[in-house]
Amino acid sequence: MPKTLGRTRKQALATATEVSLPKQLGLRVLLSFFFLPAVVLIFLDQLFKNLALTYLVPGTSVEVFGEILRLTLAYNNAAAFSIGFGQTWIFTIISSIAALALIWLSRKIETRSWAIMAGILLAGIVGNLIDRLTREPGFPNGHVIDYLQIPFNFPIFNFADICIVSMAILGALRVIRGEDIGKAAKPK
C-alpha cells in the first residue's frame with residue numbers, strides 16, 4: 001500500500017473519518033458535539049410526548065404505517081421492557097446517577113463521534129428522567145410516556161428509548177471492533 005506522510009493510505013483514511021480532538025475537549029467543542037445534540041433531542045422527546053398526551057387516547061391505536069408502526073399512548077411505571085414494574089423511584093435514582101456520571105465523564109471524550117453518541121445517550125436518559133420527575137403520580141414516581149408500538153408483541157416505547165438503545169448498540173459494536181469508549185482510534 002502506498003505511504004501517505006509516513007502512514008498507509010488506510011491509516012490516513014481512518015484519521016480523516018474519525019477526527020481526533022485534543023485529549024481534553026474544549027468547552028466550545030463539548031457544547032457543540034455533546035450538549036447541543038442532547039438539548040435538541042431532549043426538546044424533541046418532550047415535544048413528541050406532549051403531542052402524544054394531547055392527541056392520543058390511552059388504549060387506542062392510530063396506524064401510521066399499517067401494522068408496522070402504530071401510535072398507542074401508554075403510561076410506563078417500569079424500566080425498558082416493563083422490568084421493575086412499579087419501582088419507578090429506583091429508576092429515577094439510577095437515571096439521575098447515570099446522567100450525572102455521563103456529564104462528568106464527557107470531559108474525557110476525545111472524538112466528535114463519541115461526543116455525539118454520548119450526547120444522544122444523555123438525551124435519552126434525561127428525556128425519561130424528566131417524565132419520572134414531573135409526570136403523574138408525581139415526584140419521583142412519575143410514569144414515562146410511551147407511544148410507539150411495533151409488531152411482534154414488542155413493548156410500547158418512546159423517542160428517548162430509541163436514543164438509549166441505539167447508542168448502547170452502536171457503542172457495543174464499536175467496542176467489539178476494538179475501540180476504547182470515548183478515545184481516539186490508536187494508529188496501527
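We use all heavy atoms of the structure for the numbers below, so side chains are in, but hydrogens, waters and symmetry mates are not. Residue indices begin at 1 and follow the sequence shown. In this text, all values refer to a predicted model and were calculated from it rather than measured experimentally.
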Taking [Y] as the starting point, is it possible to reach [X] by hopping between hydrophobic residues whose side chains are less than 4.5 Å apart?
X: Phe154; Y: Ile68; answer: yes
X: Leu148; Y: Phe65; answer: yes
X: Ile162; Y: Val39; answer: no
X: Phe43; Y: Phe159; answer: yes
X: Val165; Y: Ile94; answer: no

Specify the closest pair of heavy atoms between [X] and [Y], including all atoms of both residues, with the distance to one decimal.
X: Ser95; Y: Leu129; answer: CB-CD1, 3.8 Å
X: Tyr147; Y: Ala52; answer: CB-CB, 3.8 Å
X: Val126; Y: Ala99; answer: CG2-CB, 4.1 Å
X: Pro137; Y: Gly142; answer: CD-CA, 4.0 Å
X: Ile125; Y: Ala98; answer: CD1-CB, 4.1 Å
X: Gln46; Y: Gly127; answer: NE2-O, 3.0 Å

Residues in side-chain hydrogen bond (donor to acceptor under 3.5 Å, both in side chains) with Thr72, at least two apart?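 For Thr72 the side-chain hydrogen bond (donor to acceptor under 3.5 Å, both in side chains) partners, ignoring immediate neighbours, are Ser61, Gln149.
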Look up atom [atom1] in [X] and atom [atom2] in [Y], then write down how far apart they are to the nearest 0.5 Å.
X: Leu73; Y: Tyr55; atom1: CG; atom2: OH; result: 14.0 Å
X: Asn128; Y: Phe91; atom1: CG; atom2: CZ; result: 11.5 Å
X: Leu102; Y: Leu122; atom1: CG; atom2: CG; result: 5.0 Å
X: Ile181; Y: Glu110; atom1: CD1; atom2: CD; result: 12.5 Å
X: Leu41; Y: Leu47; atom1: CG; atom2: CG; result: 12.0 Å
X: Leu56; Y: Lys49; atom1: CG; atom2: NZ; result: 14.0 Å

Ring geometry between His143 and Tyr75 (parallel below 30°, tilted from 30 to 60°, perpendicular above 60°): tilted
Validation row: [X], [Y] side chains within 4.5 angstrom (heavy atoms):
X: Phe157; Y: Ile150; result: yes
X: Ser113; Y: Arg174; result: yes
X: Leu121; Y: Ile164; result: yes
X: Lys183; Y: Thr111; result: no
X: Arg70; Y: Glu67; result: yes

Other residues, nucleotides and ligands only: do more than 12 of their heavy atoms fall within 6.0 Å of CG on Leu173?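 Yes, because the 6.0 Å sphere around CG of Leu173 holds more than 12 heavy atoms from other groups.
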For Leu105, I'd like to know if atom CG has over 12 heavy atoms of other residues, nucleotides or ligands within 6.0 Å. yes
side-chain hydrogen bond (donor to acceptor under 3.5 Å, both in side chains) assessment of Asn141 paired with Asn77: CA-CA 7 Å; Asn141 296 306; Asn77 67 343; over 6 Å; no
Test applied, side-chain contact (heavy atoms from CB on, under 4.5 Å); reference residue, Ile145; option that passes from Ile156, Asn158, Asn50, Leu53: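 Testing Ile145 for a side-chain contact (heavy atoms from CB on, under 4.5 Å) against Ile156, Asn158, Asn50, Leu53 leaves exactly one candidate, Leu53.
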Walk me through whether Asp45 and Cys163 qualify under side chain to side chain contact (heavy atoms under 4.5 Å, CB included). CA-CA 10 Å; Asp45 174 66; Cys163 292; over 6 Å; no
Checking Arg112 against Trp114: charged group under 6.0 Å from the ring centre and within 45 degrees of the axis?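 Here Arg112 fails the 6.0 Å and 45° test against Trp114.
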